[in-house]
Amino acid sequence: MHAAIVRPLAMKTKTVILAILLAAFGTCAAQEQTETPQEHDARMQWWREARFGMFIHWGIYSVPAGTWNGEQVKGIGEWIMNKRKIPVAEYARFAGQFNPVKFNADEWVRIARDAGQKYIIITAKHHDGFAMFGTKASRYNICDATPFRRDPLKELAEACRKQGIKLGFYYSQAQDWHHPGGAVKGGTHWDKAQDGNFDEYLDKIAAPQVREILSNYGNVAVLWFDTPSDVMTKERAEKLLPSLKLQPHIITNNRLGGGFKGDTETPEQKIPSSGFPGRDWETCMTINDTWGYKSYDTNFKSTEKLLRNLIDIASKGGNYLLNVGPTAEGVIPEPEAERLKEMGAWLKINGEAIYGTSASPFGKQLAWGRCTQKGGRLYLHVFDWPANGELPVPILNQNVKAWLLTNSGEKLKCVVGKDKAVLQLPATAPDTIASVVVLDPGGPVQLAPISIPRQAQGGIILLTAADAEVVGSTAQLEGGGEPNIGHWTNAKDFVRWDVEVLKPGDFDVSMIYAADASSAGSEFTVVTGDQVLSGKIQDTTNGETYLSFKLGKLRIQQAGKVTVTMKVISKPGRSVMNLRVLILKPSDGDET
Ligand code: FHN
């Protein structure tokens with residue numbers, strides 16, 4: 001039997017193969033295959049420094065603005081055509097009514113810039129198939145099918161270039177409810193006009209339009225694909241890739257489909273409880289409850305919420321892509337512009353603690369706020385200003401120096417103990433939303449070891465939100481009065497405590513939590529060893545009040561380190577609950 005001789009490929013052969021692969025897969029795949037880590041970091045640099053961008057969902061859905069045949073249609077506004085199964089020709093009539101005469105690209109870019117946003121991503125084509133740019137691939141576009149006849153992407157590209165803001169395009173590559181063959185995610189065509197061949201749609205509409213948006217608007221910083229659904233196979237995705245070569249520095253997201261990872265993860269309408277180790281990521285979010293304009297959606301998040309979201313995201317190493325939904329007249333709604341302006345005012349003062357920073361070294365341990373870091377400094381974003389002025393920071397560096405970002409001349413007193421440093425803050429917070437304390441550890445950060453809670457002398461065991469290890473993608477420690485575990489929208493997330501038990505025995509277990517009507521009904525278990533308790537969440541006066549709830553008895557057999565885990569069994573509503581504390585009280589103890 002002859003042994004096969006394996007020879008290393010000659011260098012030239014390798015280069016030829018690489019060239020063939022490059023030609024076949026285009027830049028996106030090519031970047032994934034050939035880019036060195038240094039090249040990748042260089043391409044991502046501006047994006048990582050930016051931290052904050054503006055998403056714009058603008059299309060002819062802003063004409064019905066959420067209302068069809070006199071009925072206010074539930075859900076996100078840009079889906080109205082699908083939600084009400086509006087026939088293609090009937091929906092297309094909105095194009096004739098779309099005349100955004102108040103559109104002013106310079107003004108939109110100014111709003112973004114004053115908000116402290118460093119890039120803009122606008123919908124070039126959303127699922128309704130209407131192109132918001134001049135395209136030769138279809139007459140269904142803003143220049144050919146509306147009285148407006150102008151190309152807003154051209155005007156935005158010019159305004160962004162002038163004002164130093166990066167511009168990127170959103171493009172719905174798979175879903176298209178207008179052109180024959182376009183996909184409908186999670187459903188089927190509702191009008192014969194939509195029937196056709198998906199590959200033909202890709203060849204005739206999506207691929208040429210992607211080429212156009214990457215050819216005709218100067219530098220395009222980001223291409224933001226969306227809803228690949230299951231139609232975007234690898235072969236189909238590859239039809240769009242060659243155009244990416246037109247913009248060698250472009251950043252793509254993870255929504256092309258066909259197994260292409262792109263450059264960024266894109267959690268939507270949520271902030272992961274920790275980031276994505278080894279991956280860049282960007283949370284996209286609406287200011288109210290819709291992406292495309294709905295005239296009656298006034299459920300705007302407060303500036304406090306939006307700013308704290310931005311800080312939370314930066315503290316986990318991500319970007320915040322915050323959406324505005326302009327009207328059919330071309331105006332960014334005032335409540336949205338106002339909040340952006342307020343965010344910008346905060347960033348003007350505190351931007352140093354956001355731009356170019358990386359994730360907190362403390363994981364999820366800070367109950368009073370969040371932390372970012374840059375250039376060897378830590379930025380402590382204090383949401384809940386301590387009433388006694390003492391701010392605990394879990395570091396052990398002896399030569400810590402700290403000051404308020406707004407007052408670098410005055411150093412804060414700092415006492416470094418065995419398990420933490422304590423900063424003495426002034427009586428009043430410089431900012432009611434988030435005040436930034438700069439901390440120079442005077443060398444590499446020495447993290448304090450995480451201590452586990454201990455059974456108290458009287459036998460009581462308190463498992464607080466601040467002591468919990470939160471596992472999963474959404475649930476996380478929140479401040480706001482007393483710390484609690486909130487944002488718990490993924491039922492797979494769970495919390496766990498390790499506790500040092502001194503005196504085992506039987507315990508009466510209760511918990512303090514809040515939940516609104518949309519969380520009511522969630523079922524959960526509390527488990528330690530072979531002991532299981534279960535409970536069902538109730539509405540606690542619409543989430544306004546924290547209530548104590550008795551769960552039952554459980555036995556801890558042995559002293560020493562014990563683990564208690566709380567898991568979700570079912571979650572019929574939006575989120576599980578806001579959990580403050582689990583209390584284990586010895587059953588034979590004092591009743592008071
Ligand atoms: O269906 C779209 C939705 O309309 C919106 O564009 C968001 C933004 O991320 N993306 C899709 C849902 O994931």
Side-chain angles (χ1 to χ4, degrees), residues 52-66 68 73-86 91 94 117 119-133 153 168-178 182-188 190 194 206 209-210 213 222-232 251-257 260 262-272 276 280-294 297 299 301 306 309 313 318-326 336 473-474 489-490 574:
F52 191 24
M54 175 185 273
F55 213 177
I56 305 179
H57 275 69
W58 197 37
I60 57 172
Y61 37 78
S62 59
V63 174
W68 176 243
V73 181
K74 282 210 179 89
I76 43 184
E78 69 284 3
W79 272 70
I80 193 167
M81 178 181 180
N82 182 312
K83 288 255 152 79
R84 281 293 158 264
K85 306 297 177 228
I86 304 176
Y91 182 84
F94 290 133
Q117 297 172 312
Y119 59 106
I120 292 176
I121 313 284
I122 183 166
T123 45
K125 186 197 81 168
H126 204 267
H127 311 328
D128 66 357
F130 188 79
M132 292 294 285
F133 61 100
L153 301 200
F169 297 133
Y170 167 109
Y171 189 85
S172 174
Q173 75 283 15
Q175 286 205 80
D176 189 312
W177 308 326
H178 178 89
V184 177
K185 190 183 172 206
T188 47
W190 58 86
Q194 297 166 320
Q209 288 193 336
V210 166
I213 57 178
V222 175
L223 186 53
W224 217 97
F225 292 113
D226 204 5
T227 60
S229 38
D230 35 12
V231 290
M232 287 304 288
I251 290 171
T252 56
N253 69 357
N254 63 343
R255 297 191 185 188
L256 171 58
F260 289 97
D263 299 304
T264 58
E265 297 297 309
T266 51
E268 178 167 323
Q269 298 286 41
K270 62 179 178 235
I271 302 174
F276 292 81
D280 289 292
W281 63 277
E282 176 189 62
T283 281
C284 55
M285 198 181 276
T286 50
I287 293 185
N288 47 3
D289 292 327
T290 181
W291 303 92
Y293 178 68
K294 277 178 95 171
D297 182 342
N299 192 24
K301 295 173 187 72
L306 296 169
N309 282 347
I313 289 167
N319 280 15
Y320 196 22
L321 185 62
L322 188 57
N323 185 72
V324 293
E336 296 178 359
S473 58
T474 61
T489 51
N490 187 339
R574 191 173 48 82

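Counting convention: from 1, in listed order, for ligands and their atoms alike.
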> May I ask which of Met285, His127, Gln175 has a heavy atom nearer to atom 2 (C) of ligand 1 than the others do?
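Residue with the shortest heavy-atom distance to the ligand atom: His127.
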> Considering the heavy atoms of Cys284, write down every atom of ligand 1 situated less than 4.0 Å from one of them.
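Counting from 1, the qualifying ligand atoms are 9 (O).
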> Looking only at heavy atoms of Tyr61, does any of them come nearer than 4.0 Å to an atom of ligand 1?
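Not so, Tyr61 does not reach ligand 1.
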> Just need the protein heavy atom nearest to atom 11 (C) of ligand 1, so name the residue and atom and give the distance.
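Its nearest protein heavy-atom neighbour is Asp226 OD2, 3.0 Å.
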> Only heavy atoms of His126, strictly under 4.0 Å: list the atoms of ligand 1 that pass.
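The atoms of ligand 1 under 4.0 Å from a heavy atom of His126 are 3 (C), 4 (O), 5 (C), 6 (O).
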> Taking 4.0 angstrom as the limit and counting only heavy atoms of Arg255, give me the atoms of ligand 1 inside it, by number and element.
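Per the distance check, 9 (O), 10 (N), 13 (O).
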> Could you verify whether a donor N or O on one side chain and an acceptor N or O on the other, from Thr227 and Gln175, lie under 3.5 Å apart?
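Note: Thr227 and Gln175 side chains meet the donor-acceptor criterion.
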> I'd like to check which ligand 1 atoms, numbered from 1 as shown, lie under 4.0 Å from a non-hydrogen atom of Tyr170.
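Taking each heavy atom of Tyr170 in turn, ligand 1 has 6 (O) under 4.0 Å.
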> Quick one: do Lys294 and Asp289 make a salt bridge, cutoff under 4.0 Å?
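The answer is no: the pair does not qualify as a salt bridge.
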> State, yes or no, whether a side-chain contact exists between Tyr61 and Thr123 at a heavy-atom distance under 4.5 Å.
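Tyr61 reaches Thr123 side chain to side chain.
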> Output yes when a side-chain donor or acceptor of Glu336 lies under 3.5 Å from a complementary backbone atom of Gly325, and no otherwise.
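Present.
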> Give me the nearest non-hydrogen protein atom to atom 5 (C) of ligand 1 as residue plus atom name, then the distance to 0.1 Å.
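Here the closest protein heavy atom is His57 NE2, 3.4 Å.
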> Below 4.0 angstrom from a heavy atom of Trp79, which ligand 1 atoms are there? Numbered from 1 as shown, please.
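Listed by number with element, the hits are 1 (O), 2 (C), 3 (C), 4 (O).
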> Do Thr286 and Asn323 pair up side chain to side chain, a donor and an acceptor below 3.5 Å, judged on atom types alone?
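No - no donor-acceptor pair under 3.5 Å links their side chains.
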> Among all protein heavy atoms in this structure, tell me which lies nearest to atom 4 (O) of ligand 1, with the distance rounded to 0.1 Å.
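Looking only at protein heavy atoms, the one closest to atom 4 (O) of ligand 1 is Glu78 OE2, 2.5 Å.
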> How far apart are the C-alpha atoms of Val73 and Trp79, what are their side-chain angles, what is the distance that settles it, and do they pass the side-chain contact (heavy atoms from CB on, under 4.5 Å) test?
CA-CA 9 Å; Val73 181; Trp79 272 70; over 6 Å; no
> Note the single closest protein heavy atom to atom 9 (O) of ligand 1, along with its residue, its atom name and the distance in Å.
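I find the closest protein heavy atom is Glu268 OE1, 2.9 Å.
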> Number the atoms of ligand 1 from 1 as they appear, then name those within less than 4.0 Å of a heavy atom of Trp224, with their elements.
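By the 4.0 Å cutoff, the relevant atoms are 9 (O).
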> Please assess Phe260 against Met232 for the test side-chain contact (heavy atoms from CB on, under 4.5 Å), listing each intermediate value before the final yes or no.
CA-CA 10 Å; Phe260 289 97; Met232 287 304 288; over 6 Å; no
> Say whether Tyr91 and Asp128, considering side chains only, have a donor N or O and an acceptor N or O under 3.5 Å apart.
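Indeed, the side chains of Tyr91 and Asp128 share at least one donor-acceptor pair under 3.5 Å.
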> Below a 4.0 angstrom heavy-atom separation, can you tell me which part of Phe225, side chain or backbone, both or neither, approaches ligand 1?
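For Phe225, there is no contact with ligand 1 at all, from either part.
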